[in-house]
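Data first, discussion second: the structure below is written as structure tokens.
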Amino acid sequence: MLETLSNMTEAVVTFVIYNIPTACSLWWVVAIAIYSLKALSTKFDQMTSYGKLRPTHLLSTGVLSRKNSFLLFYFIGIVTIAAHVFIVDAYNKSTVVMYPTMVCLFLLHLTTRIFECTLVHKWSDEMVPLLSVIAGLGFYVFAGLTVTSSSMFIFIGEISEKGPAFYERHTPSDPLIAVIFIAARFLQFKHHQFLAQLRSDKTASKNGPKYRLPTRWMFTYFACPHYLCEMFLYYLIAFYVASTATKLMAAFVCLNLLSTSVKTANWYEETFKAKRYALVPGLL
């Protein structure tokens, strides 16, 4: 009986492993559809906004502080990747070709973001609502699964017939990708650092020193260069491991951050009379 239970467990786990890429693709399609509702519902848009874009009366309503929520998101992403790797290694009996470069780089991204949240960022007293916490957790769980299932475990040859989402890949040089990824991540870190240096005490008013206009490096032209770096990182993932799931993940990240960048650019213009662009100087 124990042997039967063990075989059933292995069969279930194997089925899940092979279908994770499909589940990830479906998740990102649903996420894009739900996020698009922000354009149709002002109330939904306000409920899911944060920082300077969130209505003042909602800033104190929520279940977690922004700092703790983002620390939780990144931690869950790391745990998801580790659990996925462990389960595949423990239960998979097929031949596996591993390409861990992007998994390692994504783990680097998550761990350095924890460092930034702890030691660099200066946080407000804003609370994050339950809906946003759930959405953030879902994002990092499926981001971790998307990166690992698409780039680390590639089943080739005869085995690929069991899991069509896995494919034999042809990519540029791993060191080149690593250098580009780390350079973009460093650029993002520097702009996070610039923002932190601008922020004063937590009692500052919304239009006061807490939100002084950033002007260093790419902030001269762009409203949110740290978001541009984030979008670039996810599109680099999609370029490196061009699966359906990674492309949809990059599309969702772009939709999310680009819309926030546009709103931030408008807020800078209204508040400081300063022209900043969301994506392309002179166009958007």
Side-chain angles (χ1 to χ4, degrees), residues 23-55 58-59 62 64 66-67 69-74 76-77 80 106 109-110 113 116-117 121 126-147 150 181 184-185 187-189 191-192 195 218-219 222-239 243-268 276-280 283-284:
C24 289
S25 296
L26 291 175
W27 168 269
W28 296 119
V29 169
V30 172
I32 290 171
I34 293 176
Y35 192 86
S36 299
L37 295 177
K38 289 168 69 74
L40 304 175
S41 172
T42 301
K43 185 176 181 179
F44 181 65
D45 184 38
Q46 292 178 343
M47 288 175 56
T48 53
S49 296
Y50 52 89
K52 63 179 73 67
L53 302 177
R54 196 176 180 201
L58 294 177
L59 292 177
L64 279 177
R66 283 196 70 193
K67 178 180 180 179
S69 62
F70 277 96
L71 286 173
L72 177 62
F73 297 158
Y74 301 133
I76 287 297
T80 298
F106 194 61
H109 174 57
L110 295 177
R113 288 295 292 132
E116 286 181 22
C117 288
H121 287 300
E126 179 185 352
M127 300 296 290
V128 179
L130 180 61
L131 180 63
S132 295
V133 172
I134 294 173
L137 290 173
F139 175 88
Y140 282 99
V141 165
F142 278 92
L145 291 175
T146 296
V147 172
S150 297
F181 190 99
R185 182 65 192 88
L187 192 62
Q188 184 185 45
F189 165 77
H191 287 89
H192 282 152
L195 285 176
M218 292 171 65
F219 277 118
F222 298 102
C224 303
H226 48 308
Y227 288 167
L228 287 177
C229 293
E230 186 85 356
M231 287 187 277
F232 178 79
L233 291 176
Y234 279 90
Y235 271 103
L236 189 62
I237 293 172
F239 168 76
S243 67
T244 300
T246 56
K247 292 176 183 177
L248 288 170
M249 178 176 68
F252 172 79
V253 170
C254 185
L255 174 65
N256 181 3
L257 298 184
L258 184 57
S259 64
T260 303
S261 296
V262 170
K263 294 173 186 176
T264 302
N266 293 337
W267 188 86
Y268 280 147
R276 294 290 188 273
Y277 297 99
L279 185 62
V280 182
L283 295 177
L284 178 63

On a heavy-atom basis, the closest approach of Val128 and Ser69 is CG2-OG, 3.4 Å

Looking at Ala251 and Ile32, what are the two nearest heavy atoms and their distance? CB-CD1, 4.2 Å

Looking only at atom types and distance, does a side-chain atom of Ser150 sit under 3.5 Å from a main-chain N or O of Thr146, one as donor and one as acceptor? yes

Validation row: Lys67, His121 side chains within 4.5 angstrom (heavy atoms): no

Which residue in the set Leu279, Leu258, Thr260 passes side-chain contact (heavy atoms from CB on, under 4.5 Å) when paired with Tyr227? Thr260

Heavy-atom pair with the smallest gap, counting every atom of Cys24 and Ala245: CB-CB, 4.0 Å

Inter-residue atom distance Lys263.NZ - Cys224.SG, 0.5 Å rounding: 11.5 Å

Please examine the side chains of Val147 and Met249, heavy atoms only from C-beta on, and report whether any two atoms are closer than 4.5 Å. yes

Distance from Phe139 atom CZ to Ser132 atom OG, nearest 0.5 Å? 14.0 Å

Please determine whether side-chain hydrogen bond (donor to acceptor under 3.5 Å, both in side chains) holds for the pair Arg113 and Tyr74, giving the CA-CA distance in whole Å, both sets of side-chain angles, and the decisive distance to 0.1 Å. CA-CA 7 Å; Arg113 288 295 292 132; Tyr74 301 133; 2.9 Å; yes

Report yes if the side chains of Asn266 and Val262 come closer than 4.5 Å at any heavy-atom pair, otherwise no. yes

Mind checking whether Phe239 and Tyr234 have side chains closer than 4.5 Å, heavy atoms only? no

Nearest heavy-atom approach of Leu248 to Ser25 is CD1-O, 3.5 Å

Check whether any side-chain N or O of His191 sits under 3.5 Å from a backbone N or O of Met218 as a donor-acceptor pair, and report yes or no. yes

Expected output: side-chain Ser259 to main-chain Asn256 donor-acceptor under 3.5 Å: yes

Taking the ring of Phe232 and the ring of Tyr235, is the distance between their centroids below 6.0 Å? no

Are any non-hydrogen side-chain atoms of Ser36 and Leu255 less than 4.5 angstrom apart? yes

d(Lys38 NZ, Lys43 NZ) to nearest 0.5 Å is 14.5 Å

With rounding to the nearest 0.5 Å, note down the distance linking OG1 in Thr80 to CG in Leu145. 6.0 Å

Looking at side-chain heavy atoms only, is the closest gap between Phe219 and Leu195 below 4.5 Å? yes

Aromatic ring pairing Trp27/Phe142, orientation class (parallel under 30°, perpendicular over 60°, tilted between): parallel

Kindly compute the distance separating CG (Leu137) from CD1 (Ile76), expressed to the nearest 0.5 Å. 6.0 Å

Grab the two heavy atoms, one from Leu110 and one from Gly77, that are nearest each other, plus how far apart they are. CD1-C, 3.7 Å

Side-chain heavy atoms of His109 within contact of Phe106, under 4.5 Å: yes

Roughly how far apart are His226 NE2 and His192 NE2, rounded to 0.5 Å? 5.0 Å

Classify the angle between the aromatic ring planes of Phe73 and Tyr140 as parallel (below 30°), tilted (30 to 60°) or perpendicular (above 60°). parallel

